[in-house]
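Reviewing the structure listed below.
Numbered from 1 within each chain, the chains take letters A, B, ... in sequence-line order.
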Protein chains: 2
Amino acid sequence: MPAAVTEERNRLDRAALLDAAETLFYAHGIQAVGMDRVREASGLPLKRIYRLFATKEDLVVAMLRHRDRRWRADLTAHVESVRDPRARVLAVFDWLAAWFAEPGFRGCAWINVHGELGSSSEPVLAEVRAHKRAFHDQLAAWVGATGAPVAEPVFLLAEGAIVTAAVTGDPAPARHARAAVETLLGCAPASPA
Amino acid sequence: MPAAVTEERNRLDRAALLDAAETLFYAHGIQAVGMDRVREASGLPLKRIYRLFATKEDLVVAMLRHRDRRWRADLTAHVESVRDPRARVLAVFDWLAAWFAEPGFRGCAWINVHGELGSSSEPVLAEVRAHKRAFHDQLAAWVGATGAPVAEPVFLLAEGAIVTAAVTGDPAPARHARAAVETLLGCAPASPA
DNA sequence: TGACGTTGAGAACGGACGTTCTCTATCGTA
DNA sequence: TACGATAGAGAACGTCCGTTCTCAACGTCA
């Protein structure tokens, strides 16, 4: 069998596996989902799964990276379809509002996994921090383009809206955060610490 | 044995058990801590534990309620030692900053447990929502006393600061949130949606 | 065609979990 | 002192987990 064909098959199986793992782990948490359910959902034999990822921890890390790429690409596509810098920042919160209203929304996958596993897995913790830093830096760049020095509070409002929408099951926090961001962008306060 | 003595013993054992459970569950998560570790840490025989709480889920719910009482009482004591309404709201974020800097800080116990168990346990979910609503309402009362209609964003900034401090391990979000709250309290915007 | 490396399907393994049971010791009461 | 209910210590039970192993089927190349 040509190596190129094997490679292509691995690529497709990896994608199917990561999609199945993401759906299950996001919906139920990591420890509540056994590898057998991942096998069942992905349609891949357990042996192949373990050849693609040596341990469940490896699969979790890869799943988080997979989700990170898609999540940030979707957000960026939505936000950067807008031209005006202030409107861009507000568009972040419109995107959040739409996300919160999706069926099956269960908050931030990275915050959830951090709450569940804590610091018991160094690679997972690193992945969580990498995602949050990437989101923070991206948001800070969009806020920076408006000239208002309010990147930190805008980030905190986004994070607060995500966890609050998750816990309450109500998408309203996106509206509240958006209104506050409008105020902050318009206030031009002395630069914060 | 007089009933009163038995009652008193149960009360003391319950308190020791809830303290031990809180420490373990907060540090490592719910599913990662077996009942045997709770027994070891509390010094109580397994049989007595199961007479006080019929299932692990019952223990988790009671532990969350126990922590809720202490957490909100500590916060309230700190905040209400201040007189000026605006200073009271800012004192919330000073208290958060001190909490974030404590050794062993691992974020909000209720958000963590929600992320871990999701909606797989109805009683736990209810306890999480009850805590968040109580904190929200308390904070809204303090913000309301300043006359500024910014209860929602102040709450979201607090939540965002808690999760961000937990994930990054850095207490700085408390300062950033505090600075933003000062701005919001001073801005007097048109009342938000 | 025939030998062989690799695969798929699922059983098997070792351990951990929540919960219950056994057995002995203890204590209050007569 | 003798007895019955209760408590403590920990073994035991049934289940589930992550991971590995077995074994039959298959496709590939001499």
Side-chain donor-acceptor pairs under 3.5 Å in residues 31-38 of chain A, sequence neighbours left out?
{"residue": "Asp36(A)", "atom": "OD2", "partner": "Arg39(A)", "partner atom": "NH2", "Å": "3.2"}

Next on the checklist: I need the CG-P distance between Asp36(A) and dT15(D), as an integer number of Å.
Outcome noted: 16 Å
Checklist entry - Between dG8(D) atom C1' and Glu40(B) atom CD, what is the distance in whole Å? => result 17 Å
Next on the checklist: Could you list the cluster mates of Ile111(B)? Members are the ILVMFWY residues connected by side-chain heavy atoms closer than 4.5 Å, either directly or through other members.
Outcome noted: Ile111(A), Val163(A), Val163(B)
For the [atom1] atom of [X] and the [atom2] atom of [Y], what is their distance to the nearest 0.5 Å?
X	Y	atom1	atom2	value
Asn112(B)	Asn112(A)	CG	CG	9.5 Å
Arg48(B)	Asp13(B)	CZ	CG	4.5 Å
Leu75(B)	Arg72(B)	CG	CZ	9.0 Å
Met63(B)	Ile30(B)	CE	CD1	4.0 Å

For [range], which residues have at least one heavy atom under 4.0 Å from DNA chain D?
range	value
residues 20-29 of chain B	none
residues 49-61 of chain B	Arg51(B)
residues 114-123 of chain A	none

Checklist entry - At their closest point, which heavy atom of Ala174(B) faces which heavy atom of Ala161(B), and how far apart are they? => result N-CB, 4.3 Å
Checklist entry - Counting any heavy atom closer than 4.0 Å, what does Val33(B) reach on the DNA or RNA strands: base, sugar-phosphate only, or nothing? => result sugar-phosphate
Checklist entry - Taking only residues two or more places apart in sequence or in another chain, which ones pass ring-ring contact (aromatic ring centres under 6.0 Å, His included) with His114(B)? => result none
Checklist outcome for this item: The ring-ring contact (aromatic ring centres under 6.0 Å, His included) partners of Phe155(A) (sequence neighbours excluded) come to Phe135(A), His136(A)
Checklist entry - Can you check whether Val143(A)'s main-chain N or O pairs, donor with acceptor, with Thr146(A)'s side chain at less than 3.5 Å? => result yes
Item to check | Close side-chain approach of Leu185(A) and Glu182(A), heavy atoms under 4.5 Å | outcome: no
Checklist entry - Are OP1 or OP2 of dT7(C) and a side-chain N or O of Arg48(A) less than 4.0 angstrom apart? => result no
Item to check | Residue pairs fulfilling salt bridge (charged side-chain N to carboxylate O under 4.0 Å, His left out) with at least one residue in residues 131-144 of chain A, sequence neighbours excluded | outcome: Lys132(A)-Glu159(A)
Item to check | Glu57(A): side-chain hydrogen bond (donor to acceptor under 3.5 Å, both in side chains) partners, not counting sequence neighbours | outcome: Ser121(A)
Pairwise N/O distances under 3.5 Å, protein to nucleotides 13-16 of chain C:
none

Give each protein N/O atom lying under 3.5 Å from an N/O atom of nucleotides 9-12 of chain C, with the pair distance.
none

Next on the checklist: Filter on ring-ring contact (aromatic ring centres under 6.0 Å, His included), then keep only pairs touching residues 31-66 of chain B, sequence neighbours left out; what's left?
Outcome noted: none
Checklist entry - Using 30° and 60° as the class limits, which term best fits the ring planes of Trp110(B) and Trp71(B): parallel, tilted or perpendicular? => result perpendicular
